[in-house]
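The shown structure was predicted, so the numbers you read here are calculated from the model rather than taken from an experiment. Here is how names work: the chains are called A, B, and so on, in the same order as the sequence lines, proteins then strands, and each is numbered from 1. Below, each value reflects all heavy atoms present in this structure, side chains not excepted, and no hydrogens, waters or symmetry copies.
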Protein chains: 2
Amino acid sequence: MDHDVRRQELAAAVGRVIARDGVAEVSIRSVAAESGWSSGALRHYFGTRGELLAFACEQVIDQVTERITAMPVPDGVREGVKAVLLETMPVDERRHAEATIAFSFLALGLGDPALARVHRLQFTKMYELCRQLAAHLTVGDDVETTARRLHALVDGLSVHVLAGHLTSGEMVRQLDDYLGELTA
Amino acid sequence: MDHDVRRQELAAAVGRVIARDGVAEVSIRSVAAESGWSSGALRHYFGTRGELLAFACEQVIDQVTERITAMPVPDGVREGVKAVLLETMPVDERRHAEATIAFSFLALGLGDPALARVHRLQFTKMYELCRQLAAHLTVGDDVETTARRLHALVDGLSVHVLAGHLTSGEMVRQLDDYLGELTA
DNA sequence: ACCTTTGTAACACAGTCGTGCGATAATGAG
DNA sequence: CTCATTATCGCACGACTGTGTTACAAAGGT
């Protein structure tokens with residue numbers, strides 16, 4: 001069997017546990033049960049729990065990142081940018097689950113340097129994307145400032161939806177409003 | 001002995017464990033060791049682990065909230081608003097720790113309805129504050145949109161600092177820039 | 001002096017954790 | 001066929017978890 005495929009499969013099981021029961025419920029055994037394999041089998045693919053977590057974190061993040069970078073470059077500027085950014089935000093059930101997972105790993109990373117490293121890579125990638133988008137949107141303004149602000153706004157809105165403080169509809173409207181002011 | 005004072009003291013110990021070792025290290029025993037009491041003593045003040053966590057979450061949040069509402073109402077509009085908002089953001093070691101704790105509880109709340117309830121209260125309070133500040137800042141614009149955007153920006157920037165993606169200096173500059181554009 | 005209440009500690013218990021180890025198939029090279 | 005390699009599993013171990021119970025010390029009213 002292909003080692004890497006199985007590792008991805010197990011990482012996906014980690015994600016499902018987090019999305020369903022919360023990050024506090026992640027353990028070797030719960031992941032084994034979720035994936036349908038035995039805990040002993042898990043140890044063949046990941047030496048330790050930390051290794052499993054780090055891989056799962058990287059995996060979920062890469063999945064979103066690759067989906068975004070594979071998207072058509074925004075041509076209809078306003079709507080294109082909106083679509084790209086929404087790809088990382090909790091707009092439907094699937095992306096809500098993904099955002100929940102990423103967010104949970106982020107909190108875990110506050111006390112685990114290995115996870116923190118994975119996340120910083122993701123943040124810089126995401127910032128680069130925002131920078132690229134900002135260059136398309138604004139003409140004379142400071143691109144860096146616009147990019148950082150857009151990046152923070154996207155993540156802030158996402159967190160507010162995950163926390164149940166905003167509905168995803170309000171979130172989309174907020175993003176839309178901001179992009180509208182930016183292109184005006 | 002005063003029951004409530006001791007409960008606050010134990011809640012503070014929970015916060016210290018989270019800030020130092022991460023949220024994954026919180027247990028009855030680790031909190032007991034941090035506070036200097038025995039685990040049996042903990043059970044006199046909190047029946048269960050969940051009760052302790054919920055109280056600690058509420059406690060840390062209330063501490064910040066009360067500090068803010070006790071601040072002088074912003075008179076010098078621009079700088080006053082900035083000072084109030086920075087009170088919730090990781091600008092120094094103390095507030096970095098507070099933000100770390102709040103953020104960790106937020107992630108925990110994604111899988112624990114009791115903690116989620118505490119947090120939603122905090123979010124609506126914070127939004128009300130942003131709404132009040134937004135009313136001072138803008139003249140004709142939609143106050144609600146401005147408030148929600150400011151709220152999301154503040155939390156987004158905070159998360160980026162906690163994740164090590166932004167320095168607190170860059171965060172402050174970003175907030176300053178945005179408030180500048182808002183008052184212009 | 002006695003007894004009740006209260007704060008604190010220590011321990012027992014069942015459960016779960018991460019991890020290591022041995023057993024059992026399956027697979028494929030020689 | 002043989003045998004080494006690999007995949008998978010189940011289990012055992014020690015450590016740690018949350019929780020309940022019991023024991024003990026201090027205090028205060030009667």
Does the side chain of [X] get closer than 4.0 angstrom to OP1 or OP2 of [N] through an N or O atom?
| X | N | answer |
| --- | --- | --- |
| B/Y45 | C/dG7 | no |
| B/R49 | D/dT19 | no |
| B/R6 | C/dT8 | yes |
| B/S38 | C/dT8 | no |

Can you measure [X] atom [atom1] to [N] atom [atom2] for me and round it to whole angstrom units?
| X | N | atom1 | atom2 | answer |
| --- | --- | --- | --- | --- |
| B/R29 | C/dC11 | CZ | P | 12 Å |
| B/H3 | C/dT6 | NE2 | C1' | 9 Å |
| B/R7 | C/dT8 | CZ | P | 14 Å |
| A/L10 | D/dA7 | CG | P | 13 Å |
| B/D4 | C/dG7 | CG | P | 12 Å |
| B/I28 | C/dA14 | CD1 | P | 20 Å |
| B/L52 | D/dT19 | CG | P | 10 Å |
| B/H44 | C/dT5 | NE2 | C1' | 11 Å |

Name the closest nucleotide to the [X] side chain, picking from [options].
| X | options | answer |
| --- | --- | --- |
| A/A41 | C/dC17, D/dA7, D/dC9 | D/dC9 |
| A/W37 | C/dG7, C/dG18, D/dC9 | D/dC9 |
| A/S39 | C/dC17, D/dT19, D/dC11 | D/dC11 |

Problem set entry | Neighbour count >12 (heavy atoms, 6.0 Å) for atom CZ, B/R117 | no
Problem set entry | Greater than 12 external heavy atoms within 6.0 Å of B/R16's CZ |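 More than 12 heavy atoms, drawn from other residues, nucleotides or ligands, come within 6.0 Å of this atom.
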Exercise. Looking for any heavy atom pair under 4.0 Å, which part of the strands does B/T48 touch: base, sugar-phosphate only, or nothing?
Worked result: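 If one applies the 4.0 Å heavy-atom cut-off, B/T48 turns out to touch the sugar-phosphate alone, with no base involved.
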Exercise. Quick check: does any side chain N or O of A/H165 sit under 3.5 Å from a backbone N or O of B/Q122, one acting as donor and the other as acceptor?
Worked result: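 No, because the side chain of A/H165 does not come within donor-acceptor range (under 3.5 Å) of the backbone of B/Q122.
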For this session: May I ask you to decide whether A/D92 forms a salt bridge with A/R95, counting only side-chain N to carboxylate O separations under 4.0 Å?
Result: yes
Problem set entry | Student check: side-chain heavy atoms of B/D177 and A/D142 closer than 4.5 Å | no
Exercise. Ignoring hydrogens and angles, are the base of C/dG18 and the side chain of A/R43 linked by a donor-acceptor pair under 3.5 Å?
Worked result: no
